[in-house]
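For this chain, numbers begin at 1 and follow the sequence in order. Counting convention: from 1, in listed order, for ligands and their atoms alike.
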Amino acid sequence: MLSAVPAREVDAIIRLMGAFRDDPRPDKIDLGVGVWRDALGRTPVMRAVRAAERRLVEAQTTKTYTALAGEPAFHAALARLLLGEGHAADRLAAAATPGGTGAVRQILELVRLADPGATVWISDPTWPNHPAILATLGLPTRTYRYLDRASGGLDREGFLADLGRARRGDVVLLHGACHNPSGIDPDPGLWEELAAVLLATGAVPFVDMAYQGFGAGLDADAAGLRLLARRLPEVLVAASCSKNFGLYRERVGLALALCAEAATRGRVAATLAWLNRQNFAFPPDHGARVVTDILADPVLRADWEDELAAMRAGMDANRRAFALALREASRSDRFGHLAAGRGMFALLGLAPAEVEGLRARHAIYMVGDSRVNIAGLTAATIPVVASAVARVAAEG
Ligand SMILES: Cc1ncc(COP(=O)(O)O)c(C=O)c1O
């Protein structure tokens, strides 16, 4: 039977991680995988996480099963972080999931149950796992214009025009903050215009929030999502605590569905719990409990926010220094768009052959679409990478 299993390509980012690991060159530089790194290239356990884990180990008396949808305290704490104080909790259904990927999957399964014919709109470009999960679920998918590749900025007109074509009941998948892979986000005015378009078409926004706190701050990064939640009857959310709590391998995520009426909430919550049961039964608990405890304890929370702010400042500094180094190395403004981006990622706008040249000749690894992890740069590697990028770009 198993010989009939079709061959399958490994995900490009996972493949890149393997190629980097196997590269014997001592000066190799990894700008591929999306993990935050400090100036020494490490991804440490955050201070508040370590403190909360210590407490948890001491206080926990059982490892018995929790609820199928995870702990209500986790739902409430993360919903407040995402949606702010005073959100419509009576209309909000929630389920804990294994990471943000799990939340994306569960929400899209919910969409399929509600309407298997619903078209899901994704940005061009987007995180490759979005179309991959959609294809696995067999949901109709369309792309909307997002990045203007000529300028490296947002194609406002294309974005609004394409989403204006969505139909009632379609789902529009948006990146909450720090768009992956471009790092280019809508400004507050564009979120307003988007809300008006969604209201007019009757399409439902689905906000994938994987980098809250990496862009401009915890509240600023959630402002677009909060606006949609205030203006629109229904909003879907997939949240990840992998990056902003550094809990990658613990798999902490939350699926949220804001319903039009409180009367629908119970049915949607039960369906999210049922979907968990079908796919993995109980969601991981350890990391979710750590997040809940950090958000509830003023001292731990303040320390977490401080460390997150320092991470954000480090990425901003790297981004500015890299943009400057690229300007000097290329003697041009070709990479000027980098400075307008936010968070961990930027697209350099190189051709696949140029990305391959960087890997083969300079031991610099980035994703094939020329996405770089800004947090993977250091003061020492910024000039090295900038001069190698300028060289391959000049060679064409
Ligand atoms: C856009 C986007 N959504 C969701 C995720 C989910 O991450 P995780 O499943 O590790 O929480 C990521 C992680 O790279 C991402 O970039």
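Note that the OG1 atom of T66 and the CG atom of L68 stand 8.0 Å from one another [nearest 0.5 Å].
Using a 4.5 Å heavy-atom threshold, the side chains of W191 and L225 count as separate.
Remark: E157 does not engage R145 in a salt bridge, criterion side-chain N to carboxylate O under 4.0 Å. Using a 4.0 Å cut-off between a side-chain N of Lys or Arg and a carboxylate O of Asp or Glu, R105 and E109 qualify as a salt bridge.
Applying the ring-ring contact (aromatic ring centres under 6.0 Å, His included) test to H175 and every residue at least two apart in sequence or in another chain returns H130, H179.
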Identify all pairs of nitrogen or oxygen atoms, one from ligand 1 and one from the protein, separated by less than 3.5 Å, and list them with distances.
unit_1   : atom_1 : unit_2 : atom_2 : d
ligand 1 : 3 (N)  : D208   : OD1    : 3.2
ligand 1 : 3 (N)  : D208   : OD2    : 2.6
ligand 1 : 9 (O)  : G100   : N      : 3.3
ligand 1 : 9 (O)  : T101   : N      : 2.9
ligand 1 : 9 (O)  : T101   : OG1    : 2.5
ligand 1 : 9 (O)  : R251   : NH2    : 2.7
ligand 1 : 10 (O) : S242   : OG     : 3.1
ligand 1 : 10 (O) : R251   : NH1    : 3.0
ligand 1 : 11 (O) : G100   : N      : 2.7
ligand 1 : 11 (O) : S240   : OG     : 2.6
ligand 1 : 11 (O) : S242   : OG     : 2.6
ligand 1 : 14 (O) : Y211   : OH     : 3.3
ligand 1 : 14 (O) : K243   : NZ     : 3.2
ligand 1 : 16 (O) : N180   : ND2    : 2.8
ligand 1 : 16 (O) : Y211   : OH     : 2.7

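Seen from the ring of F20, K28 counts as a face-on cation partner, given the 6.0 Å and 45° thresholds.
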